[in-house]
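This report refers to the structure that appears directly beneath it.
Indexing begins at 1, ligand by ligand and atom by atom, following the structure's order. Sequence positions, counted from 1, serve as the residue numbers for this chain.
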Amino acid sequence: MNKTRRNFIGGRWKASSSRGTYISRNPADTSDILGRFPESSPSDIDLAVRAARGALPDWKLVPPPAKGLLLMRAAALLEREKESLARLMTREMGKVLKEARGDVQEAIDMAHYTAGEGRRLFGKTSTSELRHKFVMSVRRAVGVCGLITPWNFPVAIPSWKSFPALLCGNTVILKPSEDSPACAQRFVEILEEAGFPAGTVNLVFGGAQTGAALVRHPDIDLISFTGSSEAGRDAAAHCGAALKRCSLEMGGKNAQIVMDDADFELALEGALWGAFGTTGQRCTATSRLLVHQKIHDRFLQELVRRARRLKVAPGLRAGAEMGPLVNAQQLERVTRYVQIGRSEGARLVCGGRRPSASALRKGFFFEPTVFSDVHPSMRIMQEEIFGPVVCVMKVRSFEHAVTVLNGTRYGLSSSIYTRDVNRAMEAVRDLEAGITYVNGPTIGAEVHMPFGGIKQTGNGHREAGEAGLDIFSEWKSVYIDFSGRLQKAQIDTGS
Ligand code: UN1
């Protein structure tokens with residue numbers, strides 16, 4: 001445990017030049033330590049950038065179908081390691097085992113999907129204004145990509161970023177969250193075993209300062225960031241000034257609408273899963289439930305009854321339904337928001353504190369928490385809490401629900417439960433979000449669909465699917481003149 005883990009740079013596991021370290025602990029039992037990791041320094045970042053830059057010319061020339069084969073190998077290895085990786089994940093960041101398996105599965109899906117892109121990566125051919133001229137567009141790599149990833153999807157999110165980046169011919173430097181370094185290490189070991197050439201995949205451990213150093217390195221071409229709005233804003237400001245490419249995926253304040261004609265049980269199950277799955281620590285988590293006044297009281301009552309029954313326990317324990325929060329700061333943050341909610345006049349209907357069982361005192365557990373009697377302007381209805389806290393609000397009508405749902409600065413995920421197809425289609429049209437579910441909860445995006453949000457959730461990019469390729473490639477337009485003479489666009493008519 002005392003041995004500090006190493007970064008992965010240029011195909012080698014290399015000790016950091018910095019003396020600073022941090023420890024990764026099990027959030028369900030803080031006496032369980034996963035390892036000690038380096039707080040990497042700007043000079044470690046510099047080495048990683050040089051390695052990534054050095055590997056770029058060769059890697060760009062590897063045909064995408066061959067890159068796809070490496071991803072297929074990575075998929076097979078992830079499959080082989082699925083159970084051990086999932087167990088490590090639960091131990092390191094707390095989500096319950098079946099969700100951790102889902103996280104690894106998301107990376108496997110992403111590898112399959114992106115490997116297939118190796119035989120597509122389609123550009124377009126088009127017509128020319130002129131007679132003897134051919135035009136087409138092709139994708140080209142951006143260069144060296146810095147990938148900054150959070151702890152809540154410690155394998156899936158690195159895969160969303162690194163797989164398309166690599167397939168498009170970029171080289172990458174992954175800087176995972178301080179709360180999930182062991183998962184990132186296993187992920188990169190798997191890519192190493194899959195055979196990605198030295199320097200194409202690099203891993204640098206560290207916290208916010210290491211991330212900031214990566215963002216600020218002058219020889220990085222692109223930053224892809226998922227995390228808090230504060231850190232994202234800093235990355236955007238720096239990348240803006242330096243004209244680096246930058247894609248951001250940040251907070252959410254996602255809502256589920258429940259209309260009076262909804263399948264009540266289905267909407268309830270969706271709400272519980274959306275709000276308390278992953279202990280509410282998803283950027284897609286349901287943090288507002290907008291329930292039609294005709295069914296509001298019954299829905300609230302049932303929700304609370306079921307929330308109280310959720311089994312809060314270490315994620316490796318059989319039957320555990322909700323694991324701990326990831327760390328002490330998150331526990332402090334969620335506790336603070338509960339106080340804020342109460343002082344704003346919301347009614348705390350259940351939860352709002354750490355469970356009393358002494359076995360759970362070893363970790364950062366928090367009870368499933370429900371607020372009612374909320375107003376859209378309250379901070380708990382506007383700010384991302386990132387914990388198992390959901391606000392239930394009574395709405396008068398569909399229009400009222402849409403107005404409340406849209407009334408935040410975020411716009412990631414949204415959901416409506418109704419049996420009325422007209423209402424459902426209006427919701428698809430009118431909800432201000434990058435994702436809308438009909439009769440499903442706000443969580444559960446699939447890897448071949450664009451993922452991301454509008455407004456302050458992001459900066460206009462979408463990860464995953466074909467849209468994700470747009471982050472990691474730039475278009476080149478190609479004009480081929482086979483007339484043997486000077487043809488002038490816009491001047492010669494070509495007719
Ligand atoms: C995140 O919380 O940052 O759609 C990602 C979902 C998952 C991904 C969440 N597939 O809930």
### Query
After noting the C-alpha distance and the side-chain angles of Phe187 and Phe153, does the key distance pass the ring-ring contact (aromatic ring centres under 6.0 Å, His included) rule?
CA-CA 12 Å; Phe187 176 71; Phe153 278 80; over 10 Å; no
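- Remark: Arg87 does not engage Glu92 in a salt bridge, criterion side-chain N to carboxylate O under 4.0 Å.
- The residues Asp29 and Arg91 are annotated as not salt-bridged, no charged nitrogen and carboxylate oxygen being separated by less than 4.0 angstrom.
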### Message
Working note: Trp273 + Tyr437, criterion ring-ring contact (aromatic ring centres under 6.0 Å, His included); need CA distance, chi angles, decisive distance, verdict.
### Response
CA-CA 14 Å; Trp273 175 228; Tyr437 292 90; over 10 Å; no
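- Between Glu426 and Arg423 a salt bridge is recorded (basic side-chain N to carboxylate O distance below 4.0 Å).
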Expected list for residues 172-183: side-chain donor-acceptor pairs under 3.5 angstrom, two or more places apart:
{"from": "Lys175", "atom 1": "NZ", "to": "Gly206", "atom 2": "O", "distance (Å)": "3.0"}
{"from": "Ser177", "atom 1": "OG", "to": "Asp179", "atom 2": "N", "distance (Å)": "2.9"}
{"from": "Asp179", "atom 1": "OD2", "to": "Asn327", "atom 2": "ND2", "distance (Å)": "2.9"}

Anything under 3.5 Å between an N or O on ligand 1 and a protein N or O? List each pair with its distance, or write none.
{"from": "ligand 1", "atom 1": "2 (O)", "to": "Asn152", "atom 2": "ND2", "distance (Å)": "3.2"}
{"from": "ligand 1", "atom 1": "2 (O)", "to": "Cys283", "atom 2": "N", "distance (Å)": "2.8"}
{"from": "ligand 1", "atom 1": "4 (O)", "to": "Gly444", "atom 2": "N", "distance (Å)": "3.1"}
{"from": "ligand 1", "atom 1": "4 (O)", "to": "Ala445", "atom 2": "N", "distance (Å)": "2.7"}
{"from": "ligand 1", "atom 1": "10 (N)", "to": "Glu106", "atom 2": "OE1", "distance (Å)": "3.1"}
{"from": "ligand 1", "atom 1": "10 (N)", "to": "Glu106", "atom 2": "OE2", "distance (Å)": "3.1"}
{"from": "ligand 1", "atom 1": "10 (N)", "to": "Ala445", "atom 2": "O", "distance (Å)": "3.3"}
{"from": "ligand 1", "atom 1": "11 (O)", "to": "Arg282", "atom 2": "NH1", "distance (Å)": "2.7"}
{"from": "ligand 1", "atom 1": "11 (O)", "to": "Thr284", "atom 2": "OG1", "distance (Å)": "2.8"}
{"from": "ligand 1", "atom 1": "11 (O)", "to": "Gly444", "atom 2": "N", "distance (Å)": "3.1"}

